[in-house]
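As a basis for the values below, the full set of heavy atoms in this structure was taken, side chains included, without hydrogen atoms, waters or symmetry mates.
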Amino acid sequence: EQALARWPTHPGLRAARLHLAGFYGDPAAARALLATPADLPGDLAPEALAAWRAFLAVRPGNDAQAARAVAHAADGGALDRQTAVLMLAQLHDLDDAFSEAERIAGQPDRDPKFLFEPATAPLRRDPRFMELATRFDLPAYWRGAGRWPDACPGARTEHDCAAALAAPAR
């Protein structure tokens, strides 16, 4: 809020505020942002707006509908794929979340940091995660660094890390 007060026309601040409210804050506050045109990110396409609204309106029984809206917006290019992965993981649509993440992995400018946000914890617990991590060259990086991610305490091998990631949450 302070940044927006100082730089009200900065193109990324409204998007960052929506992201923070939608994934880490109060969903009601995020819904309020979507209801106020002046608070919307300037480049938010109608399909992305619909995906955000569906994501933030999830109630038991309509999560599949929200996941379809998210996947549709990402497939059409209206919603960035990283945001789609976060939303789909939170909606427990792991098949589509992995599919979107695979598309990101195929890009030359890919950045895997989104895989380690709290919203993507369901992906890290899935047995498919290490295969996806390999597509981002993460195991090679971890081996070369001599350090596995914090999510793999005590891991010495890729197998150890995969087992740690797939362990039930405590």
Side-chain angles (χ1 to χ4, degrees), residues 12 15-31 33-34 41 48 50-75 78-107 109-170:
R17 180 172 58 175
L18 178 59
H19 180 91
L20 290 170
F23 291 110
Y24 303 105
D26 178 9
R31 285 191 296 273
L33 292 173
L34 295 177
W52 270 105
R53 285 186 172 140
F55 172 70
L56 293 168
V58 167
R59 303 283 183 271
N62 76 340
D63 52 346
Q65 177 184 351
R68 281 192 302 275
V70 169
H72 174 74
D75 288 344
L79 185 66
D80 72 274
R81 294 202 186 278
Q82 289 186 5
T83 300
V85 172
L86 298 174
M87 288 177 170
L88 291 165
Q90 289 295 283
L91 293 168
H92 306 289
D93 184 349
L94 299 187
D95 291 340
D96 283 339
F98 273 104
S99 178
E100 292 295 336
E102 285 287 339
R103 289 183 177 112
I104 296 167
Q107 300 298 313
D109 60 345
R110 65 190 191 263
D111 183 349
K113 67 183 173 194
F114 73 98
L115 295 173
F116 297 95
E117 289 198 30
T120 54
L123 296 181
R124 293 190 300 277
R125 289 190 297 268
D126 190 283
R128 297 173 285 183
F129 181 78
M130 281 308 267
E131 183 178 328
L132 177 62
T134 300
R135 298 257 305 152
F136 283 94
D137 300 322
L138 291 173
Y141 168 78
W142 294 326
R143 278 191 298 276
R147 186 161 187 263
W148 292 91
D150 294 342
C152 301
R156 292 192 170 117
T157 67
E158 191 170 326
H159 176 75
D160 291 345
C161 186
L165 289 170
R170 293 178 206 160

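- We find the CZ-OH distance between R147 and Y141 to be 8.5 Å, quoted to the nearest 0.5 Å.
- The shortest side-chain heavy-atom distance between R128 and D95 falls under the 4.5 Å cut-off.
- Taken from CD in E131 to CZ in R135, the straight-line distance is 8.5 Å, to the nearest 0.5 Å.
- Note that CG of L115 is 8.0 Å distant from CD of Q82, once rounded to the nearest 0.5 Å.
- Panel note: side chain T134, backbone M130; a donor-acceptor pair is recorded below 3.5 Å.
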Under the ring-ring contact (aromatic ring centres under 6.0 Å, His included) criterion, do F23 and W52 qualify, and how do the steps go?
-> CA-CA 11 Å; F23 291 110; W52 270 105; 5.5 Å; yes
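- Listed for the D93 side chain is a donor-acceptor partner under 3.5 Å among the backbone atoms of D96.
- Between the side chain of T120 and the backbone N or O of F114, at least one donor-acceptor pair lies under 3.5 Å.
- Of all non-hydrogen atoms in V85 and A97, the two that sit nearest each other are CG2-O, 3.7 Å.
- Note: L132 CG to F98 CZ = 6.0 Å, rounded to the nearest 0.5 Å.
- Remark: L123 CG to E100 CD distance equals 11.5 Å, nearest 0.5 Å.
- Remark: T83 OG1 to R81 CZ distance equals 11.5 Å, nearest 0.5 Å.
- Within a 6.0 Å radius of CZ in R143, other residues, nucleotides and ligands contribute more than 12 heavy atoms.
- Using the six-membered ring where Trp is involved, W142 and F116 have ring planes that are perpendicular, over 60° apart on the 30 and 60° scheme.
- Contact record, F55 with Q90: CE1-CB, 3.8 Å, taken as the closest heavy-atom pair.
- Remark: the backbone N or O of L34 is paired with a side-chain donor or acceptor of R53 at under 3.5 angstrom.
- What you find for L56 and R31 is that their closest heavy atoms are O-NH1, 2.7 Å.
- Judged by distance alone, the side chain of R124 and the main-chain N or O of E117 form a donor-acceptor pair under 3.5 Å.
- Between D75 and R103 a salt bridge is recorded (basic side-chain N to carboxylate O distance below 4.0 Å).
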